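As structure tokens, the structure follows; a few thoughts come after it.
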Number of protein chains: 2
Amino acid sequence: MCADITDLAQALRNAGLRATQQRTVLLSILMESADHPNADELYARAKTIDDSVSLATVYRTLSALEEAGLVRKLSFENEPSRFEITPVAEHDHLIDIDSGEVIELSSDEITRLRQEMVERMGYEILSQHTLIRARKKPG
Amino acid sequence: MCADITDLAQALRNAGLRATQQRTVLLSILMESADHPNADELYARAKTIDDSVSLATVYRTLSALEEAGLVRKLSFENEPSRFEITPVAEHDHLIDIDSGEVIELSSDEITRLRQEMVERMGYEILSQHTLIRARKKPG
DNA sequence: CTCATTGCAAATTCTTTGCATAAGG
DNA sequence: CCTTATGCAAAGAATTTGCAATGAG
């Protein structure tokens, strides 16, 4: 949970990326972010730690981290992409359309079902993600 | 399958929308599009029928149709939004990342499982959609 | 007739890129 | 050192909006 800078730098190098100041900061922020921040939010948070980071670097870093498999990009409707550390356990997202809150849903059984269905069709899954738009029931 | 112009106009009015020339054309194109076109593609197709439609109207119409529940907007990663007539039977999408082809997956069982899970949490589902990125297995 | 809808062009929003400088290994 | 990454500012892509003209009911 509380990875130190050295660990992060190592994680970056293991992923084949240079462990720059900016990447380390961004990765640490993502790891301690329970929500699913977008690029602007990450940029704002990063600047409180390292005033020099630019938004361009945030985007470039997110692309690099995604390509390396360390980060997952989430495309919600009508809003900028959000990002999260690649989850160990597969999970989906429910967005409360009234509050905007994003809730993670684990979905082992569903994941297995989908996997079977898709494999029967002759495909292998690279990634899968379900987005549910929902509203709290009254009462 | 082969709805005529009158039906379309009526469908629009039933949804509380004025049945304009442009909306009727766009709705008819969507109904006969087996793929999942984006705004630009719809614009191009619409112009072959009615040269006067503008891209702005395509966007405005799609918003209106979506709000009215006639159309579903699909947010794929790294590409403009695509649109489809709101499906009668719930289904998800698999995108072949090599060919770009989009395949519809029906998912009755999975839909039911998700529904139960979410209801147990005290939410009611407004929409749900799964996007699977996959690649054809060799052989 | 009256108000919603349209086309056009300009504006926004999110994201990417070119280039000279800085910094990782 | 040598290359890759960075910041900045400018470019780009997708989508939205203001406004005067048009068209549906």
Side-chain angles (χ1 to χ4, degrees), chain A residues 5-29 36-44 46-47 49-68 70-83, chain B residues 5-27 29 36-44 46-47 49-68 70-83 100:
Chain A
I5 306 288
T6 318
D7 292 338
L8 294 178
Q10 198 53 55
L12 286 167
R13 283 191 218 96
N14 290 345
L17 300 170
R18 279 197 181 174
T20 65
Q21 169 70 15
Q22 293 86 338
R23 286 176 180 169
T24 309
V25 167
L26 287 166
L27 188 54
S28 78
I29 291 173
H36 302 74
N38 62 32
D40 261 319
E41 291 162 347
L42 280 168
Y43 175 50
K47 275 204 296 194
I49 299 180
D50 175 351
D51 188 44
S52 78
V53 287
S54 71
L55 185 54
T57 291
V58 172
Y59 277 108
R60 280 189 282 229
T61 298
L62 288 170
S63 292
L65 293 177
E66 189 194 8
E67 194 139 353
L70 292 177
V71 156
R72 174 159 79 155
K73 178 177 181 175
L74 302 170
S75 298
F76 289 58
E77 273 172 37
N78 304 323
E79 56 170 309
S81 297
R82 294 163 172 256
F83 300 85
Chain B
I5 306 287
T6 318
D7 291 339
L8 294 178
Q10 198 52 56
L12 286 167
R13 283 191 219 94
N14 290 345
L17 299 171
R18 281 197 181 177
T20 65
Q21 169 71 13
Q22 294 87 337
R23 286 176 180 169
T24 309
V25 167
L26 287 167
L27 189 54
I29 291 173
H36 302 75
N38 62 32
D40 262 318
E41 291 162 348
L42 280 168
Y43 175 51
K47 274 205 295 195
I49 300 179
D50 175 351
D51 189 44
S52 77
V53 289
S54 71
L55 185 54
T57 291
V58 171
Y59 277 108
R60 280 189 280 229
T61 298
L62 287 170
S63 293
L65 293 177
E66 190 195 6
E67 194 140 354
L70 293 177
V71 157
R72 175 160 77 157
K73 177 177 182 177
L74 302 170
S75 298
F76 290 58
E77 273 172 37
N78 304 322
E79 57 171 308
S81 296
R82 295 164 172 257
F83 300 86

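The chains referred to below are lettered A, B, ... by the order of the sequence lines, with proteins before strands, and numbering in each begins at 1. Please read these numbers as outputs of a predicted model, since none were measured by experiment.
Phosphate contact (OP1/OP2 of D:dT16, side-chain N/O of B:Tyr59, threshold under 4.0 Å): absent. Within the structure, every side-chain polar atom (N or O) of A:Arg23 is placed at least 4.0 Å from both OP1 and OP2 of C:dG24. Remark: A:Thr61 is not in phosphate contact with D:dA5, judged by side-chain N or O atoms under 4.0 Å from OP1 or OP2. Contact annotation: A:Gln22 does not reach the phosphate of C:dG24 (side-chain N/O to OP1 or OP2, under 4.0 Å).
With DNA chain D read from its 5' end, the first of the two nearest nucleotides for A:Ser52 and B:Leu55 is the one closest to A:Ser52. Between A:Gln21 and B:Gln21, the residue anchored nearer the 5' end of DNA chain C, judged by the nucleotide with its closest heavy atom, is B:Gln21. Looking at which nucleotide of DNA chain D each of B:Ala39 and A:Leu17 is closest to, the 5′-most match is held by A:Leu17.
Atom pair B:Phe83:CZ and D:dT15:P shows a separation of 6 Å (rounding to whole Å applied). Across the protein-nucleic acid pair, B:Leu12 atom CG and C:dT5 atom P stand 11 Å apart, rounded to whole Å. Atom C1' of nucleotide C:dT15 and atom CD of B:Glu77 are separated by 14 Å, given to the nearest angstrom. Atom CG of A:Leu62 and atom C1' of D:dA5 are 15 Å apart (whole Å). Taking atom CG on B:Asp40 and atom P on D:dT16, their separation rounds to 13 Å, with Å as the unit. Atom CD of B:Glu79 is separated from atom P of D:dA14 by 10 Å (rounded to the nearest Å). In this entry the distance linking CG of B:Leu8 with P of D:dA24 reads 15 Å, nearest Å. In this structure, B:Asp50 places its CG atom 17 Å from P of C:dT5, rounding to the nearest Å.
Between A:Leu70 and A:Ala15, the shortest heavy-atom contact is CD1-CB, 3.9 Å.
Annotation: side-chain contact (heavy atoms from CB on, under 4.5 Å) contacts of B:Ser63 (sequence neighbours excluded): none.
When distances are taken from the side chain of B:Thr20 to each of D:dG25, C:dT15, C:dT6, the shortest belongs to C:dT6. Closest approach to the B:Arg18 side chain among D:dA14, C:dG7, C:dA4 is made by C:dA4 (side chain taken as heavy atoms from C-beta onward). Candidate nucleotides D:dT16, C:dG7, D:dG25 were compared by shortest atom distance to the side chain of B:Ser63, and D:dT16 ranks first.
Crowding of B:Glu67 atom CD: a count of heavy atoms from other residues, nucleotides or ligands under 6.0 Å not exceeding 12.
Looking only at side-chain heavy atoms (C-beta outward), A:Val53 and A:Lys47 come within less than 4.5 Å of each other.
Within 3.5 Å, a donor on the side chain of A:Arg60 pairs with an acceptor on the base of D:dG7, or the reverse.
Not one N or O on the side chain of B:Arg82 forms a donor-acceptor pair closer than 3.5 Å with the backbone of B:Phe76.
Within 4.0 Å of A:Ala64, counting heavy atoms only, lies no atom of the nucleic acid at all.
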